[in-house]
Amino acid sequence: MDSLIADGEFSFDTKMIIQIELSKILQFFYHAARKQIGKSTSTQAEYSRMIADYMKGKLTSQVLGYIKNGYLPEEKPVIVEDAINSVGISSGYGFRIFKETYGISPRDYLSKLKINEAKKLLMKPRYSISEIGSSLGYSNLANFSRQFKRWTEISPHAFRKKAKVAIRTH
């Protein structure tokens, strides 16, 4: 652009028109790039939402299947990579956009879903703590108890007792 304008063959008016037209082209590219960045962000948010919805739906059907049938369904427990693959993106990209969108990793999100579901089920005395752990995909009671305590700072048994007392006092 500088060499074109510096060329002495063009009049001042022609040089100004060239600069204006080139500025318009640059402005067009700038706005097109900004729109693409906006689209990319919304697509990332959509992917993150689909991953979260997939995990939530799978966990819910897993728990309901266990409660109805007394055992885990034939399909494997909820796995984060399956949720990301269901959206059709790479695992690394899926983990990154999920964390950017929700502020936590997909694994932490799944753990929170499981703990929230466990809290609901622990309020229902008809389910044993072992059954609750199994319904959430834990291989044994010790793993479930350890994970529950890690997230809530209280054991499932203590949570159940505390919830029972809270219900009676209200």
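Throughout, numbering of the chain's residues begins at 1 and tracks the sequence. Note that the coordinates shown come from a computational prediction; the quantities given were computed from them, not determined experimentally.
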J.: Would you please say whether a donor-acceptor pair under 3.5 Å links the side chains of T101 and Q44?
T.: no
J.: Answer yes or no: is there a side-chain heavy-atom contact under 4.5 Å between Y109 and V80?
T.: no
J.: Following the transitive rule for hydrophobic clusters with a side-chain heavy-atom cut-off under 4.5 Å over Ile, Leu, Val, Met, Phe, Trp and Tyr, establish whether Y54 and L64 coincide in one cluster.
T.: no
J.: Test L136 against Q147 for side-chain contact (heavy atoms from CB on, under 4.5 Å), laying out the working first.
T.: CA-CA 11 Å; L136 294 168; Q147 186 71 4; over 6 Å; no
J.: Quick one, I84 with F95, criterion side-chain contact (heavy atoms from CB on, under 4.5 Å). Give me CA distance, side-chain angles, the key distance, then yes/no.
T.: CA-CA 8 Å; I84 293 171; F95 275 89; 3.5 Å; yes
J.: Taking all heavy atoms of F159 and all of L122, pick out the closest pair and write down the distance.
T.: CD2-CD1, 3.7 Å
J.: When hydrophobic residues are tied together by side-chain contacts of less than 4.5 Å, even through go-betweens, does L113 share a cluster with M123?
T.: yes
J.: Does K114 qualify as a cation-pi partner of Y138, given the criterion of NZ or CZ under 6.0 Å from the six-membered ring centre and within 45 degrees of its axis?
T.: yes
J.: Counting only N and O atoms by type, is there a donor-acceptor contact under 3.5 Å from the side chain of S130 to the main-chain atoms of L141?
T.: no
J.: Ignoring hydrogens, what is the shortest heavy-atom contact between I132 and R160? Give both atom names and the distance.
T.: CD1-NH2, 3.6 Å
J.: What do the steps show when you test D108 against W151 for side-chain contact (heavy atoms from CB on, under 4.5 Å), and what is the final call?
T.: CA-CA 10 Å; D108 286 348; W151 282 91; 3.9 Å; yes
J.: Just verifying a value: how many Å separate I51 CD1 and K56 NZ, rounded to the nearest 0.5 Å?
T.: 15.5 Å
J.: Of all the heavy-atom pairs spanning I154 and F148, show the shortest one and how long it is.
T.: O-CD2, 3.2 Å
J.: Out of curiosity, S155 OG to K161 NZ, how far, rounded to the nearest 0.5 Å?
T.: 9.0 Å
J.: Would you give the length of the straight line joining atom NE2 of H157 to atom OG of S145, rounded to the nearest 0.5 angstrom?
T.: 10.5 Å
J.: Counting C-beta onward and ignoring hydrogens, is there a side-chain heavy-atom pair between R49 and E46 closer than 4.5 Å?
T.: yes
J.: Answer yes or no: is there a side-chain heavy-atom contact under 4.5 Å between K58 and D82?
T.: no
J.: Considering non-hydrogen atoms only, spot the tightest contact between L121 and S135 and give its length.
T.: CD1-OG, 3.8 Å
J.: Mind jotting down which residue pairs meet the salt bridge (Lys or Arg N to Asp or Glu O under 4.0 Å) criterion with at least one end in residues 135-152? Sequence neighbours excluded, please.
T.: none
J.: Answer yes or no: is there a donor N or O on one side and an acceptor on the other, between the side chain of S86 and the main chain of A83, under 3.5 Å?
T.: yes
J.: Is it the case that one hydrophobic cluster holds both V87 and M55, taking links as side-chain heavy atoms less than 4.5 Å apart, direct or via other members?
T.: yes
J.: Nearest 0.5 Å please: distance from the OG atom of S48 over to the CD1 atom of I89.
T.: 7.0 Å
J.: Which heavy-atom pair separates I129 from P156 by the least distance, and what is that distance?
T.: CG2-CB, 3.8 Å
J.: Measure across F98 and I104 and return the closest heavy-atom pair with its distance rounded to 0.1 Å.
T.: CD2-O, 3.5 Å
